[in-house]
J.: 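If you scroll down you'll find the structure; I have some questions about it.
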Amino acid sequence: MKLYSTLTRDKRDFEPAGDAVTIYVCGITTSNSSHVGHALSAVVFDVLHRYLEFRGYTVRRVQNFTDIDDKIIASARDQGLSTEEVAEKYVQEFFRDMDDLNVRRATEHPRATEEIPAILRMIEGLIEQGRAYPATDNSGSVYFRVKSDPEYGKLSGRSVDELLEGVRIDVEPGKEAPADFALWKSSKPGEPSWDSPWGGGRPGWHIECSAMALEYLGETIDIHGGGLDLVFPHHENELTQSESFTGQKPFARFWVHNGLLRLDGAKMSKSLGNLVTVREALESYSADAIRMYILTSHYRSPLIYDQDNIGTQERAARRLRQAASVTSRADSGDSIDPAPFRERFVEAMEDDLNTPQALAVIFDLAHEINRGRDAGHELAGAQAEMRTLADVLGLTLAEPASKGGLSDEDVEARLASRAQARANQDFAAADAIRDELIEAGVVLEDGPGGTIWSRV
RNA sequence: GGCGACGUAGCCAAGUGGUCUAAGGCAGAGGUUUGCAAAACCUCCAUUCGGCGGUUCGAAUCCGCCCGUCGCCUCCA
């Protein structure tokens, strides 16, 4: 397949270097509930993973949790909890949110605080190589020496000179140059702290990802992913320290970045506070609708979070769901050949994961199934294919669960009353029952074979 | 200020040199079906791709300028 890489700024043919496709995706910092922007990124890489498996590859995907940083420390202090407790709370919340979005778990979900030995080995190695140095003011921090890498800036397209001049970067004491970044941060009294050759401290943000990628996936990984906002400085720094440490280039063969979700004209982010949590979104919309909303736009494009537009996806999801489960008289002796649809689906996905087109193919197949229903064609094969393709996008095509109101038995009972009323030509009574059920989120369809119902 | 992305029908959104008089979804109009609906099906719904120039036999697609929106440069998926 073709994949766009931020490093080369073009689409290239992707083949894994080894037997399995290795993917490292930057995960969340466990200081807050996940928002829909995190869901966007998670869904994109979930679909990439699912598609690669659909194509027959074995995939090993690692996604970390940054479970120690300033915000977690602050949050723990505010709530009177330990940093571990705060982190654990949001890790569990993340898993629940992702499960409900039908995002499959990664192969591994390592945490920064559980990888301290690997992180320390890497920092020590970088110091030995002259790539890093303990803070010049003896604070106990360790910094990476950016000017030691003449290629620094190649991922984000930044000029090293400009960065070294400290354009809009505050110079910290103890740094040789403004662009140098922390590999190890000395801890202040009362803060969580791990022992190191330089004194008590904690890992800098970037080093954890390098260490985990190396530990779990090796010196060169196939795909490194994350949101576009991570390109600089996070991924730029990961790249330089990883290639410096291992001497192996490239650190990642493809850099895949998803576009950012916006709300009210700005990027959805913690610092701006303009966010909608995954949980809030799931309270109003089904996972299929949320995923379809994300996937009807290309993953590299920015997407504006808009409630009304997600609502329209709910109706669109229903269209697919019904086509996947309609029944046919199957008396024509013909059936629908799904092969051309599968081909078009694959063709779309092969082109840098063009999910909008892939989804359009599924809609075309749904249309063909509905036509086939009217013509009395055999549908099972086409419907099975449709479910297979939908599953590659992580769509369940399942009915939303009963939202408290009426149980299935209640619905069946109301339906029986309505059937009796219709038989008696008492359409007023029949329509009243229908209206009542619609209020409860149950839609009826009267057909030649009787009335079928579904939840919306 | 530096670097980068984007602007396609009422809305969302693919398409990036000819098969585009532009996919798909939602909304809308007429019809079939139905006790009436709903769903489904049939027909219709951008001669046009932010604006102005240019390159080309040919541009939504390439180039230039302008207008508008957004991202990164500081923690952020």
Side-chain angles (χ1 to χ4, degrees), chain A residues 6 9 25-29 31-32 34-45 63 66 69-71 153 156-159 162-163 167-170 179 205 225-234 236 257-262 265-272 275 292-293 295-298 300-304 306 308-323 326 344 348 351 354-364 366-367 369-375 421-422 425-428 430-431 434-435 437-438 443-448 451-454 456:
Chain A
T6 307
R9 288 167 205 282
V25 182
C26 289
I28 60 161
T29 300
S31 62
N32 284 99
S34 301
H35 63 246
V36 193
H38 297 128
L40 164 64
S41 187
V43 166
V44 165
F45 290 102
Q63 181 168 33
T66 299
D69 86 326
D70 290 341
K71 285 191 180 122
S156 58
R158 250 147 260 254
S159 122
E162 182 186 276
L163 289 161
V167 180
R168 296 192 53 183
I169 297 175
D170 293 334
W205 177 33
L228 206 49
D229 53 352
L230 295 182
V231 175
F232 188 89
H234 187 53
E236 190 72 62
H257 292 104
N258 60 272
L260 303 176
L261 191 68
R262 296 181 201 163
K267 177 180 73 166
M268 189 177 285
S269 75
K270 293 177 199 170
S271 47
L272 292 174
L275 46 82
M292 281 170 67
Y293 183 65
L295 298 172
T296 49
S297 158
H298 186 80
R300 284 194 282 119
S301 302
L303 182 64
I304 294 169
D306 182 291
D308 293 340
N309 286 329
I310 299 182
T312 69
Q313 292 306 323
E314 204 70 76
R315 269 158 280 175
R318 185 149 178 262
R319 179 173 166 78
L320 295 184
R321 200 158 66 225
Q322 297 205 326
V326 291
R344 287 172 54 211
D351 184 15
N354 191 332
T355 55
Q357 276 195 344
L359 207 42
V361 173
I362 295 178
F363 276 103
D364 285 346
H367 186 230
I369 288 169
N370 285 327
R371 285 166 54 95
R373 186 265 297 262
D374 290 354
R422 291 181 75 207
Q425 303 278 300
D426 184 358
F427 296 119
D431 290 352
R434 183 169 65 199
D435 290 344
L437 289 171
I438 285 171
V443 172
L444 307 188
E445 290 171 48
D446 297 325
T451 300
I452 54 175
W453 61 279
S454 57
V456 289

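Only a predicted model underlies this, so the values are computations on that prediction, with no experimental measurement involved. Hydrogens, waters and symmetry mates play no part in the numbers below; they use all other heavy atoms, side chains included.
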J.: Measure the distance from CD1 on I28(A) to C1' on A77(B) and round it to the nearest whole Å.
T.: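 Computing the I28(A):CD1 to A77(B):C1' distance gives 10 Å.
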J.: Any N or O donor-acceptor pair linking the side chain of D446(A) to the base of C36(B) at under 3.5 Å?
T.: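 Such a pair exists between side chain and base.
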J.: By the 4.0 Å heavy-atom rule, please label D229(A) as base, sugar-phosphate, or nothing.
T.: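 Base contact - D229(A) has a heavy atom under 4.0 Å of at least one base atom.
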J.: With rounding to whole Å, what would you report as the distance between G10(B) and C20(B) at their P atoms?
T.: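 One P to the other, the span is 22 Å.
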J.: Can you find a side chain N or O atom of N354(A) that sits less than 4.0 Å from OP1 or OP2 on G15(B)?
T.: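 Affirmative; the distance criterion is met.
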J.: Once you apply the 3.5 Å cut-off to both distances, tell me the Watson-Crick or G-U wobble partner of G7(B), or none.
T.: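 Paired with C67(B).
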J.: With a cut-off of less than 4.0 Å, is there a side-chain N or O of R371(A) near OP1 or OP2 of C42(B)?
T.: yes
J.: What is the nucleic acid contact for M292(A), judged by heavy atoms within less than 4.0 Å: base, sugar-phosphate only, or nothing?
T.: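 Answer is nothing: M292(A) stays at 4.0 Å or more from every strand.
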J.: Do M268(A) and L40(A) make a side-chain contact, defined as non-hydrogen atoms from C-beta onward lying under 4.5 Å apart?
T.: no
J.: Does G37(A) reach a base, just sugar-phosphate, or nothing at all? Heavy atoms under 4.0 Å.
T.: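 Contact class for G37(A): base.
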J.: Contact class for V231(A) (heavy atom, under 4.0 Å): base, sugar-phosphate, or nothing?
T.: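 No contact at all - V231(A) keeps every heavy atom at 4.0 Å or more from the nucleic acid.
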J.: Could you tell me whether the phosphate oxygens of C41(B), OP1 or OP2, come under 4.0 Å of any side-chain nitrogen or oxygen in R319(A)?
T.: yes
J.: Between G2(B) atom C1' and F232(A) atom CZ, what is the distance in whole Å?
T.: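 So the CZ-C1' distance, F232(A) to G2(B), works out to 12 Å.
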J.: Heavy atoms only, 4.0 Å cut-off, all strands: where does A266(A) land among base, sugar-phosphate and nothing?
T.: sugar-phosphate
J.: If I pick the P atom on A60(B) and the same atom on G51(B), what distance separates them, to the nearest angstrom?
T.: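 To the nearest whole Å, 11 Å.
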J.: Could you tell me whether G311(A) contacts a base, only the sugar-phosphate backbone, or nothing, with contacts defined as non-hydrogen atoms closer than 4.0 Å?
T.: nothing
J.: Can you check whether F427(A) stacks with the G35(B) base, using ring centres under 5.5 Å and planes within 30°?
T.: yes
J.: Side-chain contact, heavy-atom cut-off 4.5 Å: H38(A) with N32(A)?
T.: no
J.: Supply the atom-to-atom distance S156(A) OG to L228(A) CG, rounded to the nearest 0.5 angstrom.
T.: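 S156(A) atom OG to L228(A) atom CG measures 11.0 Å (nearest 0.5 Å).
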J.: Could you state the CG-C1' distance from D431(A) to G35(B), rounded to the nearest angstrom?
T.: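 Taking atom C1' of G35(B) as the reference, CG of D431(A) is at 9 Å.
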J.: Is there a side-chain contact between K270(A) and S31(A), using heavy atoms and a 4.5 Å cut-off?
T.: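 K270(A) reaches S31(A) side chain to side chain.
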J.: With a 4.0 Å limit, can you tell me whether T29(A) has a side-chain N or O closer than that to the phosphate oxygens OP1/OP2 of C75(B)?
T.: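 Checking T29(A) against C75(B): no side-chain N or O falls below 4.0 Å of OP1 or OP2.
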J.: Taking a pair as Watson-Crick or G-U wobble with both distances under 3.5 Å, which nucleotide is matched to A38(B)?
T.: none
J.: Please classify the nucleic acid contact of H298(A) as base, sugar-phosphate, or nothing, using heavy-atom distances under 4.0 Å.
T.: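 It contacts sugar-phosphate atoms only.
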J.: So, does the side chain of R434(A) form a donor-acceptor pair with the base of C36(B) at under 3.5 Å?
T.: yes
J.: Quote, to the nearest angstrom, the C1' distance that separates U16(B) from U8(B).
T.: 12 Å
J.: Return the pairing partner of A23(B) with a 3.5 Å limit on both distances, Watson-Crick or G-U wobble; otherwise return none.
T.: none
J.: Check for a donor-acceptor pair, side chain of Q357(A) on one end and backbone N or O of A348(A) on the other, with a separation under 3.5 Å.
T.: no
J.: Partner lookup for G17(B), please. Criteria are Watson-Crick or G-U wobble with both distances under 3.5 angstrom; report none if nothing qualifies.
T.: none
J.: C12(B) phosphate, OP1 or OP2: any side-chain N/O from S301(A) under 4.0 angstrom?
T.: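 Answer is no, no contact under 4.0 Å.
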J.: Using a heavy-atom cut-off of 4.0 Å across all strands, would you classify S297(A) as base, sugar-phosphate, or nothing?
T.: sugar-phosphate
J.: Measure NZ/K267(A) against P/G71(B) and give the value in whole Å, please.
T.: 8 Å
J.: Quick one: does D351(A)'s side chain have a donor or acceptor within less than 3.5 Å of a partner on N354(A)'s backbone?
T.: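 No, because the side chain of D351(A) does not come within donor-acceptor range (under 3.5 Å) of the backbone of N354(A).
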J.: Name the residue closer to the 5' end of RNA chain B, choosing between Y293(A) and A366(A) according to the nucleotide with the nearest heavy atom.
T.: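 Here Y293(A) is the residue nearer the 5' end.
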J.: With both distances kept under 3.5 Å, what pairs with U55(B), Watson-Crick or G-U wobble?
T.: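 Because no pair has both required distances under 3.5 Å, U55(B) counts as unpaired.
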J.: Identify whether any heavy atom of L359(A) sits under 4.0 Å from a base atom; if not, whether one sits that close to sugar-phosphate; answer base, sugar-phosphate or nothing.
T.: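 No contact.
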J.: For D306(A) and A27(B), give me the distance from atom CG to atom P, rounded to whole Å.
T.: 15 Å
J.: Tell me which nucleotide, if any, is Watson-Crick or G-U wobble paired with G28(B) when both distances must be under 3.5 Å.
T.: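 Paired with C44(B).
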J.: For N309(A), which contact category applies under a 4.0 Å heavy-atom criterion: base, sugar-phosphate, or nothing?
T.: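 If one applies the 4.0 Å heavy-atom cut-off, N309(A) turns out to touch the sugar-phosphate alone, with no base involved.
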J.: Say you pick atom P in G25(B) and the same atom in C44(B); how far apart are they, in whole Å?
T.: 15 Å
J.: Under 4.0 Å, counting only non-hydrogen atoms across every strand here, what does L228(A) touch: a base, just sugar-phosphate, or nothing?
T.: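 Answer is nothing: L228(A) stays at 4.0 Å or more from every strand.
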J.: If you measure from OG1 on T296(A) to CG on N309(A), what distance do you get to the nearest 0.5 Å?
T.: 8.5 Å
J.: Under 4.0 Å, heavy atoms only, any strand: does Q322(A) hit a base, just the sugar-phosphate, or nothing?
T.: sugar-phosphate
J.: Would you mind pulling out the nucleotide paired to C49(B), Watson-Crick or G-U wobble, both distances under 3.5 Å?
T.: none
J.: Name the nucleic acid region contacted by K270(A), choosing base, sugar-phosphate or nothing; use a 4.0 angstrom heavy-atom cut-off, strictly under.
T.: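 Sugar-phosphate, no base atom in range.
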J.: Would you kindly give the CG-to-C1' distance between D351(A) and A23(B), to the nearest whole Å?
T.: 14 Å
J.: Report yes if at least one side-chain N or O of H367(A) is closer than 4.0 Å to OP1 or OP2 of C42(B); otherwise report no.
T.: yes
J.: Can you tell me how far P in A38(B) sits from the matching atom in G31(B), rounded to whole Å?
T.: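 Nearest-Å result for A38(B) against G31(B) at atom P: 13 Å.
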J.: Please give, in whole Å, the distance from U33(B) P to R373(A) CZ?
T.: 15 Å
J.: Is the closest basic N to carboxylate O distance between R371(A) and D374(A) below 4.0 Å?
T.: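 No, this pair does not count.
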J.: Check the distance between U33(B)'s C1' and D374(A)'s CG and give it to me in whole angstrom.
T.: 9 Å
J.: Look at the side chain of R422(A) and the base of G35(B), then say whether one donor and one acceptor between them are separated by less than 3.5 Å.
T.: yes
J.: What contact category does S271(A) fall into here, base, sugar-phosphate, or nothing, at under 4.0 angstrom with non-hydrogen atoms?
T.: base
J.: Output the distance between atom NE2 (H298(A)) and atom OG1 (T355(A)), rounded to the nearest 0.5 Å.
T.: 7.0 Å
